[in-house]
Amino acid sequence: MDNLQLDFLGDLKRTHTCGDLRASDAGKRALVMGWVHRRRDLGGVIFIHLRDRYGVTQLVFHENVAPEVHARAEALGGEYVIAAEGVVEARSAETINPAIPTGEVEIAVSRIWILNESRVPPFPLEETVDVKEDVRLKYRYVDLRRPHMQRNILMRSKVSLAVREVLYGLGFLEIETPFMTKSTPEGARDFLVPSRVQHGMFYALPQSPQIFKQLLMVSGFDKYFQIVRCFRDEDLRADRQYEFTQIDLEMSFPQQETIFGVIEPLVQKVCETAGHPVPAAPFQRMSYADAIRLYGIDKPDLRLPPMTSFEFEFQGFQTPMPFVAIRIPGIGKPSRKERDELKLIAQEKSLVMFDEGSKTEAMYAAAREKSGAAADDMILVVAHTGPMRSWRPEEAFYQSCGQFRLHVGQKFAERHKLLDPHNFKFLWVVDFPMFEWDDEENRWAAAHHPFTSVHDEDLKRLTSDPGACRAKSYDLVLNGTELGSGSIRIHRKDVQAKVFAALGFSDEDARKKFGYLLEGLEYGAPPHGGIALGLDRLVMIMAGESSIREVIPFPKTARGTDLMSDCPSPANERTLRELGIKLASKV
RNA sequence: GGGGACGUAGUUCAGUUGGUUAGAACGCCGGCCUGUCACGUCGGAGGUCGCGGGUUCGAGCCCCGUCGUCCCCGCCA
């Protein structure tokens, strides 16, 4: 990298990208710019594959044709940025490279500009090597050059465009809402932003634009959407980041089906954009209660069959719960070793898994019959064992079974190709419970959020039997991932006050925390509702990835750090003083 | 907060029961090479075995601690 003479860009202009040139371009002059992907120096002739995001084009440098240019090409290293001009030449039949779209031509370079040099990349840009993620994250700008990440980021951009096209087409308005907002109780932990002007006061970054979009309905904007960043200070996972992006929308005067009628074509367009088969609409709908009973989870993966519960008399075995058969199609019986491993897993979930043998012959026969199992389907029968401690014991039991089902599915998935990532099984889960019991706080908590309306017929038992109330809320689920959730909101102040009361907020609490929403509802709030889809998760699945970090250009690690910029980092004394903040302990 | 996996050259990995100077491939540097396309070929450099402590005559390997990355539970209206 020493003493290399670099050239200015000046008024140089690209005539083609590195993906443009074809046999029909032979004879033209071309000027291309890009990164030195690979250099093959044969002595008297040098070949360079020049790369940009559109493709790769071969450059040729002949010593006996253009010695000065050839000499400069000798100095080039990987990832140097150059401009090259020359005549596009058709390659002879034997030298055509069928592996790249531009493989029928090459540029015989007569002028070269070295625009920038590059250090040796910290890892190869080839896809063939699985580089560890921490190295990729530290040099993310290099990682993003790799075809795999280029493809994902490109797909994300296309999906965002498709979303905008569909929603603009349906008459939605794209409206921005504040990032510096009021902290809200309930829900996830907020990220706080201290106020410099008012010491001791804080803004919060929004967990979602929920209240603002509702107020936009009060303002008469009718159909709102936004592709918007949201912030939640909870522990990170493969499908969760501190900041993530939602496709957020809200409508006035909708029924639940109105919202579905927007999202289904939206999702169809997204699938098409991502190059996948378009799923048939309407998508399947399933009540929360059925989802729990059949799959033991509120986000069922429909690529595997449901569980089957059945009553059975088994000598000396007492349980208030039914027996549950878990069926995995077409993989035969588990080995002795697998069976023993699974029994241990079942035990951890307060389940007992029965061996298939002479004693349980009748049980397994019943299970096979009830679940409609084919001969080579694997069937595992489990039942509840041990103490039952939950405010909804049956639900807890089915959830244990569901976790066990998922474990079994994942255990055999790879070997038997059970879960095709491109087999998109969309599902609406509807009729969620309105409230969940919060053991820690010893009170009811909103299952979705406190602005969700209750089914009309459940309104009268809002305070008398909160646990039995169903909400007008819905989740969009794809292959076991929650893609988004929404609800028909409360638009009446009296109903909202009742819900706050059921949640244990006093009038004063409610006024302090959500006063502006309550007040807004008093000024002619229309019936309204909406939904938010997780863009990161949607693109993740469309890209066939199993982590949203693969579709986020600059993600954080599981511990919430950015390895590239090295944040979070300490604030200096002066900044803290200005904000009126004193640290409780020095690190 | 809890459970698990991993950490050796720039990268991906190997490293036997604890035993000589820690290896390979790719990459990198230098030489040769006029039709390569994962060019070829000859030569070379490159290591705090994550870090700290312990056991031992001797530790990449065993033990304890710690840091980092990943996965899961809790948490995520």
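Just the heavy atoms: all of them, side chains too, but no hydrogens, waters or symmetry mates, feed the values below. Letters go in sequence order (proteins before strands), and every chain restarts at 1. As the structure is a computational prediction, the values presented were derived from the model and not from experiment.
Taking a pair to require two hydrogen-bonding distances under 3.5 Å in either a Watson-Crick or a G-U wobble arrangement, B/rA45 remains unpaired. Under the Watson-Crick or G-U wobble criterion, with both distances below 3.5 Å, B/rG65 is paired with B/rC51. The base-pairing partner of B/rG40, taking Watson-Crick or G-U wobble contacts with both distances under 3.5 Å, is B/rC32. Here B/rU21 sits opposite no nucleotide as a Watson-Crick or G-U wobble pair (both hydrogen-bonding atom distances under 3.5 Å). In this structure, B/rC26 forms a base pair with B/rG10, meeting either the Watson-Crick or the G-U wobble geometry with both donor-acceptor distances under 3.5 Å.
If you look at A/F231 and A/F179, their ring centroids are closer than 6.0 Å. For A/F500 and A/F514, the distance between ring centers is under 6.0 angstrom. Aromatic rings of A/Y242 and A/F191 (six-membered ring for Trp) have centroids within the 6.0 Å cut-off, being under it.
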Each nucleotide N or O in nucleotides 8-10 of chain B that has a protein N or O under 3.5 Å away: list the pair and distance.
| from | atom 1 | to | atom 2 | distance (Å) |
| --- | --- | --- | --- | --- |
| B/rG10 | O2' | A/P122 | O | 2.4 |

At a cut-off of 3.5 Å, list every protein nitrogen or oxygen paired with a nitrogen or oxygen from nucleotides 22-24 of chain B, distance to 0.1 Å.
none

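Residues A/E133 and A/R549 are in side-chain contact: their nearest non-hydrogen atoms beyond the backbone lie under 4.5 Å apart. Counting heavy atoms from C-beta outward, A/E79 and A/R119 have side chains that stay 4.5 Å or more apart. Counting only heavy atoms from C-beta outward, the side chains of A/L215 and A/Y516 approach each other to under 4.5 Å.
Distances were taken from every side-chain heavy atom of A/R237 (C-beta onward) to each of B/rG74, B/rU69, B/rC76; the shortest belongs to B/rG74. Residue A/T95 places its side chain closer to B/rU36 than to any other of B/rU34, B/rC28, B/rU36. Checked against B/rU11, B/rC70, B/rC75, the side chain of A/A558 finds its nearest nucleotide in B/rC70.
Residue A/E348 contributes atom CD, which lies 14 Å from atom P of B/rG3 at whole-angstrom precision. Protein atom CD of A/E243 is 16 Å distant from nucleotide atom C1' of B/rC76, rounded to whole Å. The distance from atom CD of A/E79 to atom C1' of B/rU11 is 14 Å, rounded to the nearest whole Å. Atom-to-atom, CD of A/E74 to P of B/rU34 comes out at 11 Å; the value is rounded to the nearest Å. The distance between atom CG of A/D143 and atom C1' of B/rU69, rounded to the nearest whole Å, is 14 Å. With rounding to whole Å, A/F231 atom CZ is found 16 Å from B/rC76 atom C1'. Here the P atom of nucleotide B/rC42 and the CG atom of A/L42 are 16 Å apart, to the nearest Å. Rounded to whole Å, atom P of B/rU69 lies 12 Å from atom CD of A/Q241.
Listed pair A/R40 / B/rU36 fails the phosphate criterion, with no side-chain N or O lying under 4.0 Å from OP1 or OP2. At least one side-chain nitrogen or oxygen of A/T561 sits closer than 4.0 Å to the OP1 or OP2 atom of B/rU69. Within the 4.0 Å cut-off from OP1 or OP2 of B/rU69, at least one side-chain nitrogen or oxygen of A/R559 is found.
Taking CD of A/Q246 as the start and CG of A/L538 as the end, the distance is 12.0 Å to the nearest 0.5 Å.
Residue-level contact check: A/I100 touches neither bases nor backbone, having no heavy atom under 4.0 Å from any strand. Using a 4.0 Å heavy-atom distance criterion, A/A447 is classed as a sugar-phosphate-only contact. Counting any heavy atom pair closer than 4.0 Å across all strands shown, A/T557 reaches sugar-phosphate atoms only and no base atom. Nucleic acid contact for A/R39: none, since no nucleic acid atom lies under 4.0 Å from a heavy atom of the residue.
The existence of a salt bridge linking A/R303 and A/D301 is confirmed by a sub-4.0 Å separation between a basic side-chain nitrogen and an acidic carboxylate oxygen.
Of the possible polar contacts, none joining the A/S453 side chain to the A/I490 backbone as a donor-acceptor pair under 3.5 Å is found. Remark: side-chain polar atoms of A/K213 are paired, donor with acceptor, to backbone N or O of A/L249 under 3.5 angstrom. The backbone N or O of A/D239 sits less than 3.5 Å from a side-chain atom of A/R537, completing a donor-acceptor pair.
For residues 552-566 of chain A, the set of pairs meeting the salt bridge (Lys or Arg N to Asp or Glu O under 4.0 Å) definition, not counting sequence neighbours, comprises A/E243-A/K556.
Every side chain to side chain donor-acceptor pair (under 3.5 Å) that A/K472 has, sequence neighbours left out, goes to A/D456. Under the side chain to side chain donor-acceptor pair (under 3.5 Å) criterion, A/R489 pairs with A/E250, A/H449, A/S487, sequence neighbours left out.
Comparing A/V131 and A/V65, the nucleotide of RNA chain B nearest to each residue sits closer to the 5' end for A/V131. Nucleotides of RNA chain B nearest to A/R537 and A/Q58 differ in position, and the one nearer the 5' end is that of A/Q58.
Side-chain atoms of A/E106 come within donor-acceptor range of the base of B/rG35, with a qualifying N/O pair under 3.5 Å. Counting atom types as modelled, A/R240 pairs a side-chain N or O with a base atom of B/rC75 as donor and acceptor under 3.5 Å. A donor-acceptor contact under 3.5 angstrom links the side-chain atoms of A/R91 to the base of B/rC37. Side-chain atoms of A/D41 and base atoms of B/rU36 include no donor and acceptor less than 3.5 Å apart.
Near RNA chain B, defined here as any heavy-atom distance below 4.0 Å, there are no residues from residues 497-514 of chain A.
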